[in-house]
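Take a look at the structure set out below.
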Amino acid sequence: DGEDVRIASGAPLFWAWQPGGRRLAVRTDHPEDSNALLHFCDPLDHMESQLIGPAGSFYRPAWHPEGKAMVYGRRDDREDVLALVDAEGKPLRDLFHYSGRVAFDWDPRGSQLAIAQAPEGHGPFQALRLLELDGTSRTLWRGTFICFKWLHDGSGFLICSSDLEKGHIF
């Protein structure tokens, strides 16, 4: 109907749509105190936001490809935790403890997660890890990079690296 709907405010702000659903997972930082929160909302039906909890240092939440679960970084005592929640936001289990800042994404089948980590909490990523849902993980690639994307069949990744001195992105 052309009506503007305010979903969230804060900076930075990251979001992800639930596949096949109407929920939007939104990570926001409060501009005055830097407290990060994760909440669900349904902007199409103007439903009130549902607070999931304090958010850790990560970029975009990642929905399972079937929309039945989601992962996000949750603030913990010492290190942040990659947490798995169901589609309603109910905690299922903790998957991975990390320091710094991370980005993550499900493989197309929803059986593994790729995790890029910037141990210092800022700047480019330094390693790409593969996490199995049983909790085992292994490092797939080490080096400086700025983003990654699963190949459509889940057989590998595209990794975007940069050479700042020469001004190249490859």
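We're numbering straight along the sequence, starting at 1.
Side chains of Q18 and L24 form no contact here, defined as non-hydrogen atoms less than 4.5 Å apart. You'll find the side chain of D76 reaches within 4.5 Å of the side chain of H97, heavy atoms only. In this structure, the side chains of V71 and L113 come closer than 4.5 Å at one or more pairs of heavy atoms. Residues F148 and L158 have side chains not in contact (no heavy-atom distance under 4.5 Å, counting atoms from C-beta outward). Residues W141 and I159 are in side-chain contact: their nearest non-hydrogen atoms beyond the backbone lie under 4.5 Å apart. Using a 4.5 Å cut-off on side-chain heavy atoms (C-beta onward), P19 and P65 make no contact.
We find that E88 and K90 are not joined by a salt bridge, their nearest charged nitrogen and carboxylate oxygen being 4.0 Å or further apart. Taking a cutoff of 4.0 Å between a charged side-chain nitrogen and a carboxylate oxygen, R74 and E79 do not qualify as a salt bridge.
When only modelled atom types and interatomic distance are considered, Q117 and R101 share no side-chain donor-acceptor pair under 3.5 Å.
No donor-acceptor pair closer than 3.5 Å links the side chain of T144 to the backbone N or O of Q126. The main-chain N or O of G156 is never found under 3.5 Å from a side-chain atom of W150 such that the two would form a donor-acceptor pair. Formation of a donor-acceptor pair under 3.5 Å by the H64 side chain with backbone atoms of M70 is not found in this model. In this structure, W106 contributes its side chain and Q112 its backbone to no donor-acceptor pair below 3.5 Å.
The CZ atom of R22 sits 11.5 Å away from atom SG of C41, with the distance rounded to the nearest 0.5 Å. Taken from OG1 in T136 to CG in L130, the straight-line distance is 8.0 Å, to the nearest 0.5 Å. Separating the CG atom in D94 from the CG atom in D80 is a distance of 11.0 Å, to the nearest 0.5 Å. Rounding to the nearest 0.5 Å gives a distance of 10.5 Å between CG of L37 and CZ of R75. F58 contributes atom CZ, which lies 10.0 Å from atom CZ of R60 (distance to the nearest 0.5 angstrom).
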Q.
If you apply the rule ring pair (Phe, Tyr, Trp, His ring centres under 6.0 Å), what do you find for W63 with F40, and how did you get there?
A. CA-CA 12 Å; W63 285 97; F40 286 163; 5.3 Å; yes
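Under a hydrophobic-cluster definition in which Ile, Leu, Val, Met, Phe, Trp and Tyr are linked whenever side-chain heavy atoms come within less than 4.5 Å, directly or via other members, L38 and W17 are assigned to different clusters. By the rule that hydrophobic residues join a cluster once side-chain heavy atoms approach within less than 4.5 Å of another member, F14 and V102 end up as members of separate clusters. Residue V26 is not grouped with residue L51 when hydrophobic side chains (ILVMFWY) are merged at heavy-atom distances under 4.5 angstrom, including chains of intermediate members.
I146 and P124 make their closest contact through CG2-CB, 4.4 Å (heavy atoms, listed as atom of the first residue, atom of the second, distance). Summarising the geometry of H39 relative to S49, their closest heavy-atom pair is CD2-OG, 3.4 Å, with the distance given to 0.1 Å. Taking both residues in full, the closest heavy atoms of E132 and S111 are given as OE1-O, 4.1 Å, listed atom of the first, atom of the second, then distance. When all heavy atoms of G123 and A118 are compared, the pair lying nearest together is O-CB, 4.0 Å. Considering all non-hydrogen atoms of both residues, A114 and F157 come closest at CB-CE2, 3.4 Å. Nearest approach of G73 to F104, heavy atoms of both residues: N-CZ, 3.9 Å.
The side chain to side chain contact (heavy atoms under 4.5 Å, CB included) test with I115 is passed by exactly one of L128, T139, L131, L95: L131.
Because its NZ or CZ atom is not both nearer than 6.0 Å to the ring centre of Y72 and within 45° of the ring axis, R27 does not count as a cation-pi partner of that residue.
Around atom CD of Q50, more than 12 heavy atoms belonging to other residues, nucleotides or ligands sit under 6.0 Å away. Atom CZ of R142 sits in a sparse spot, with 12 or fewer heavy atoms from other residues, nucleotides or ligands closer than 6.0 Å.
Here the two rings, on Y59 and W15, have centers that are 6.0 Å apart or farther.
The aromatic rings of Y98 and F96 lie parallel to each other, with less than 30° between the two planes, well short of the 60° mark.
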